[in-house]
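Notes follow once the structure below has been shown.
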Amino acid sequence: MRQAVEELAQVVPLSQACEALGLPRSSLYRSRQPQPAREPQPRPASPRALSPAEKETVHQVLNSQRFADSAPHQVY
């Protein structure tokens, strides 16, 4: 699609070429920029996250005989 817009832009203004082919100009401009090679950053842990001991306690309660056939929402 980008190549077709680029070719059509040789004949008509770029805005008209984009409009005719249904491609936003911003998408065209963004595709012209080189993409920097980045590694994904790990997400920081939420300060509200449960500690490993708390997670284990929750799993034990959910897997207990009392709540074995209940969904977590029902237990809550």
Side-chain angles (χ1 to χ4, degrees):
M1 178 69 81
R2 177 182 171 231
Q3 187 176 7
V5 171
E6 295 284 0
E7 290 176 13
L8 186 58
Q10 300 296 321
V11 181
V12 297
L14 182 64
S15 60
Q16 290 178 0
C18 288
E19 186 177 338
L21 296 175
L23 181 72
R25 279 185 300 159
S26 59
S27 296
L28 178 66
Y29 292 138
R30 192 175 305 115
S31 69
R32 289 177 174 176
Q33 300 297 320
Q35 298 296 317
R38 296 187 283 170
E39 291 191 25
Q41 298 292 324
R43 295 181 73 176
S46 170
R48 297 172 27 182
L50 297 175
S51 69
E54 291 171 324
K55 287 182 184 181
E56 182 59 34
T57 302
V58 169
H59 284 146
Q60 288 176 357
V61 170
L62 291 175
N63 292 329
S64 69
Q65 185 65 27
R66 179 178 173 199
F67 299 116
D69 295 328
S70 302
H73 188 273
Q74 290 174 323
V75 175
Y76 177 74

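Everything quoted here is computed from the prediction, not taken from an experiment.
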Shortest non-hydrogen separation from A17 to V5 and the atoms involved
CB-O, 3.9 Å
Distance from L50 atom CG to E56 atom CD, nearest 0.5 Å?
12.0 Å
Is there a side-chain contact between S26 and R30 in this structure, where contact means two heavy atoms from C-beta onward sitting under 4.5 Å apart?
yes
Under the side-chain contact (heavy atoms from CB on, under 4.5 Å) criterion, do E6 and L28 qualify, and how do the steps go?
CA-CA 9 Å; E6 295 284 0; L28 178 66; 3.5 Å; yes
Is it the case that over 12 heavy atoms from other parts of the model lie below 6.0 angstrom from the CD atom of E19?
no
Identify the heavy atoms of V75 and S70 that sit nearest to each other, and give their distance.
CG2-CB, 3.9 Å
Let me confirm one number: the CZ-CD distance from R43 to Q41, rounded to the nearest 0.5 Å.
12.5 Å
Write down the atom of Y29, the atom of L14, and the distance for their closest heavy-atom approach.
OH-CD2, 3.3 Å
What heavy-atom pair brings C18 and R25 nearest, and what distance separates the two atoms?
SG-CG, 3.6 Å
Does atom CD (Q3) have a neighbourhood of more than 12 heavy atoms from anything else shown, all under 6.0 Å?
no
Looking at R32, I want to see if its CZ is surrounded by more than 12 non-hydrogen atoms of other residues, nucleotides or ligands under 6.0 Å.
yes
